[in-house]
Amino acid sequence: MMAQKRYSPEQIVMKLREADRLREQGLTVEAVARRLRVTSVTLRRWRERYGALQADEAARLRDLELENERLKRIVVEKELEITVLRDVAKGKF
């Protein structure tokens with residue numbers, strides 16, 4: 001079993017560029033994946049998500065995703081507070 005390693009979006013974009021270069025040299029997807037020390041499934045998933053991005057765009061995407069998660073948590077917490085306050089106002093406690 002392989003240990004899971006997380007790559008930054010910039011690193012992923014760089015690995016995808018390297019994969020493109022290796023594919024142009026005639027290597028198979030499996031051979032490219034071995035050279036990059038990832039699975040072919042990971043390469044395909046990365047290509048779907050980061051394929052057309054540049055390194056700085058990938059970093060911005062990650063920052064926006066983190067901000068979105070934070071904002072969603074805030075909304076959920078506020079909705080919970082509103083629900084609790086409504087129940088208290090109705091006398092359901």
>> I'd like to know if Arg70 pairs up with Glu67 as an ion pair, taking the criterion as any Lys NZ or Arg NE/NH1/NH2 lying under 4.0 Å from an Asp or Glu carboxylate oxygen.
In response: yes
> Closest heavy-atom contact between Gln11 and Arg6?
Replying inline: OE1-O, 4.4 Å
> When rounded to the nearest 0.5 angstrom, what distance separates CG in Asp20 from CD in Glu18?
Replying inline: 9.5 Å
> Do Glu69 and Lys72 pass the salt bridge (Lys or Arg N to Asp or Glu O under 4.0 Å) test, and can you show the C-alpha distance, the side-chain angles, and the key distance before you say yes or no?
Replying inline: CA-CA 5 Å; Glu69 288 176 21; Lys72 284 181 179 180; over 6 Å; no
> Rounded to the nearest 0.5 Å, how far does CZ of Arg45 lie from CD1 of Ile12?
Replying inline: 8.0 Å
> Does Arg47 CZ have over 12 foreign heavy atoms under 6.0 Å away?
Replying inline: yes
> With the threshold set at 4.0 Å, does a side-chain nitrogen-carboxylate oxygen contact exist between Glu24 and Arg21?
Replying inline: no
>> Rounded at 0.5 Å granularity, tell me how far CD1 in Ile82 sits from CG in Asp87.
In response: 12.0 Å
> Which atoms form the tightest heavy-atom contact between Ala33 and Thr39, and what is the distance?
Replying inline: CB-C, 3.8 Å
> Closest approach of Pro9 and Ala59, non-hydrogen atoms and distance?
Replying inline: CB-N, 4.0 Å
> Quick one: CG on Leu22 to OG1 on Thr28, what's the gap to the nearest 0.5 Å?
Replying inline: 10.5 Å
> Does a side-chain N-to-carboxylate-O contact under 4.0 Å join Arg60 and Glu57?
Replying inline: no
>> What I want to find out is whether Lys78 reaches Glu81 closely enough, with some N-O distance under 4.0 Å, to be called a salt bridge.
In response: yes
> About how many Å separate CG of Leu66 and CG of Leu61, when rounded to the nearest 0.5 Å?
Replying inline: 9.5 Å
> Which atom names give the shortest non-hydrogen contact between Leu43 and Val29, and what distance separates them?
Replying inline: CD1-O, 4.2 Å
>> Can you give me the closest heavy-atom contact between Lys15 and Leu36, atom names plus distance?
In response: NZ-O, 3.3 Å
> Rounded to the nearest 0.5 Å, what separation is found between the OH atom of Tyr7 and the CZ atom of Arg37?
Replying inline: 8.5 Å
